[in-house]
Amino acid sequence: MKYLSEFRDEEIVRTLLNKIRKCVTKPWNIMEVCGGQTHGLVRHGLLQMLPDQIRMIHGPGCPVCVTPVSLIDKAVELALEHDVILCSYGDMLRVPGSTLSLQQARAKGGDIRILYSPLEAVSIARQNPNREVVFFAVGFETTAPANALSVEQAYRQKLKNYTVLSAHVMVPPAMEAIMSDPDTKVDGFLAAGHVCTVMGLSEYVPLVEKWKMPIVVTGFEPVDLLEGIYMVVSQLENGEYRLENQYKRVVGKDGNRQAVDLVKSVFEYRDREWRGIGEIPMSGLFLAQKYRDYDATLKFGPLKERISEDSGCLSGDVMKGKIKPHECPHFGKGCTPEKPLGAPMVSSEGACAAYYNYATQESTE
């Protein structure tokens, strides 16, 4: 198949649903890791089409949603108290901090700019040698190479006024944290295809072997998702567990080695706090020793101690798959896209936003 319409073809979708119905004999809980997959499932009404035995659990795969409050507060502080040009992707602006969001900080006069590439931030730094420029680097393995390239370019150009506030997190450690939770209800995973486009497949092999759970790498269209679900269910019904790649048209076994090598040369792995979830070992990317001059927390001061959230937001339970978004008592009432209590309601990959924007009354009852 070559065209988008083919991955949304009604007849192919119907065929895959029939294959799933014929295959499934027991209840199974399957987690789709990525928020993009969650949006695909909800937007296209696939959750209502699946057999009752299959329960999809929405995972923590939205980097904006898991960025801790302390990092957002630091970005606000940099914009308002250090007079920096604070650059980031648009999704971050409306995410609540402990007192202000970046959008509110911009309304108070902060020079906060929305960019599509960190390389734009490097250009801004070069064009404004008398201003400090900070890029608020958020994302999974997918955006880490571009952010690493921005640091490497700033290093080569000997820029002294460019730094990065790194909020990068990695997917496999989060999946291992979910697998190791004694209360987990997950039987198998749909892994995010775009992450594997960069990282390849090798990091999932030890997870499958250690936890004996099927992992299927999938894309984001209805045919991708249903085929991935069928592949997971087939393994579970046969008592098998292995890594499979449904997204072969994009994902190769080794990923993009040039991108991986660049990330490993600029960043190093350390423990990272995930908003609503807690600290996950070796899940964060921090600048390596060679590039420490480009670390905003070293140049402008460290983050404040971990800040407890008392908004009543249950996003942590949503991202760990313990509740569905509409099961939060604040969903659609005290928490809406206009007045969010947490990031999943405003992020374009947030599970709460998916349910708020696309779910029908039937699917939320």
Side-chain angles (χ1 to χ4, degrees), residues 24-35 37-38 41-42 47 50-63 65-69 140 169-192 195 203-204 206-216 228-229 232-233 235-237 239-243 271-284 306 308-331 335 341-345 349-352 354-355 363-364:
V24 66
T25 64
K26 307 173 187 174
W28 299 112
N29 296 313
I30 302 171
M31 174 176 279
E32 84 277 2
V33 175
C34 176
Q37 293 170 323
T38 303
L41 289 167
V42 179
L47 296 180
L50 290 169
D52 293 340
Q53 297 100 317
I54 297 176
R55 179 172 180 261
M56 299 304 297
I57 297 177
H58 313 314
C62 167
C65 300
V66 300
T67 298
V69 174
F140 288 126
V169 287
M170 313 301 286
V171 171
M175 290 174 65
E176 171 135 37
I178 292 167
M179 292 170 166
S180 62
D181 184 343
D183 296 325
T184 188
K185 299 175 181 176
V186 178
D187 299 307
F189 286 89
L190 300 184
V195 168
E203 293 189 34
Y204 293 99
L207 292 179
V208 169
E209 294 298 325
K210 180 178 179 181
W211 299 103
K212 305 189 187 320
M213 284 191 194
I215 297 177
V216 176
I229 291 168
V232 171
V233 172
Q235 288 191 49
L236 291 169
E237 289 284 341
E240 300 169 345
Y241 54 88
R242 61 180 178 272
L243 174 65
D271 300 347
R272 166 68 81 187
E273 179 195 354
W274 292 50
R275 184 172 188 165
I277 296 176
E279 190 166 277
I280 298 179
M282 304 302 283
S283 65
R306 185 178 299 180
S308 62
E309 299 179 58
D310 55 5
S311 67
C313 175
L314 300 181
S315 61
D317 288 341
V318 172
M319 290 186 287
K320 286 184 282 192
K322 294 184 176 179
I323 63 170
K324 297 279 189 178
H326 64 278
E327 292 170 346
C328 173
H330 306 291
F331 178 82
C335 182
L341 293 180
M345 184 55 86
E349 293 189 4
C352 299
Y355 272 67
S363 67
T364 55

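These numbers come from the heavy atoms of this one structure, side chains and all, not from hydrogens, waters or symmetry mates. Starting from 1, each residue takes its place in the sequence as its number.
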Distance from [X] atom [atom1] to [Y] atom [atom2], nearest 0.5 Å?
| X | Y | atom1 | atom2 | value |
| --- | --- | --- | --- | --- |
| L41 | L50 | CG | CG | 7.5 Å |
| L341 | C328 | CG | SG | 7.5 Å |
| R272 | M170 | CZ | CE | 11.5 Å |
| D187 | W28 | CG | CH2 | 6.0 Å |
| L207 | E176 | CG | CD | 5.5 Å |
| M175 | E203 | CE | CD | 10.5 Å |

How close do [X] and [Y] get, counting heavy atoms only, and between which atoms?
| X | Y | answer |
| --- | --- | --- |
| A354 | T38 | CB-CG2, 4.4 Å |
| E349 | C34 | OE1-SG, 4.3 Å |
| G350 | C62 | N-SG, 4.1 Å |
| V33 | A191 | CG2-CA, 4.4 Å |
| V66 | M319 | CG1-SD, 3.6 Å |
| G342 | C335 | N-SG, 4.3 Å |

(request) Kindly say whether P63 contributes a backbone atom to a donor-acceptor pair with the side chain of T67 at under 3.5 angstrom? (result) yes
(message) Please check this pair: side chain of S180 against backbone of A177, looking for a donor-acceptor N/O pair closer than 3.5 Å.
(response)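 Confirmed, S180 side chain pairs with A177 backbone.
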Side-chain heavy atoms of [X] within contact of [Y], under 4.5 Å:
| X | Y | value |
| --- | --- | --- |
| I323 | L314 | yes |
| L190 | M56 | yes |
| V186 | I30 | no |
| L236 | Y241 | no |
| W274 | S283 | yes |
| C352 | K324 | no |
| V318 | M345 | no |
| M179 | M213 | yes |

(request) Quick one: list whatever passes side chain to side chain donor-acceptor pair (under 3.5 Å) with K185, sequence neighbours left out. (result) none
(request) Mind running side chain to side chain contact (heavy atoms under 4.5 Å, CB included) on M31 and H58 for me, showing each step along the way? (result) CA-CA 6 Å; M31 174 176 279; H58 313 314; over 6 Å; no
(message) Between the side chains of E273 and R275, is the shortest nitrogen-to-carboxylate-oxygen separation below 4.0 Å, so that they form an ion pair?
(response)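 No salt bridge links R275 with E273.
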(message) For a side chain to side chain contact (heavy atoms under 4.5 Å, CB included) check, start with the C-alpha distance between F189 and I57, then their side-chain angles and the critical distance, and finish with the verdict.
(response) CA-CA 9 Å; F189 286 89; I57 297 177; over 6 Å; no
(request) Might you work through the side chain to side chain contact (heavy atoms under 4.5 Å, CB included) test for Q53 and K26, ending with a clear yes or no? (result) CA-CA 6 Å; Q53 297 100 317; K26 307 173 187 174; over 6 Å; no
(message) Can you tell me how the ring of F331 sits relative to the ring of Y355, calling it parallel under 30°, perpendicular over 60° and tilted otherwise?
(response)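 It falls in the perpendicular class, over 60°.
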(message) Does T25 form a side-chain hydrogen bond (donor to acceptor under 3.5 Å, both in side chains) with E237? I'd like the steps, not just the answer.
(response) CA-CA 7 Å; T25 64; E237 289 284 341; 2.6 Å; yes
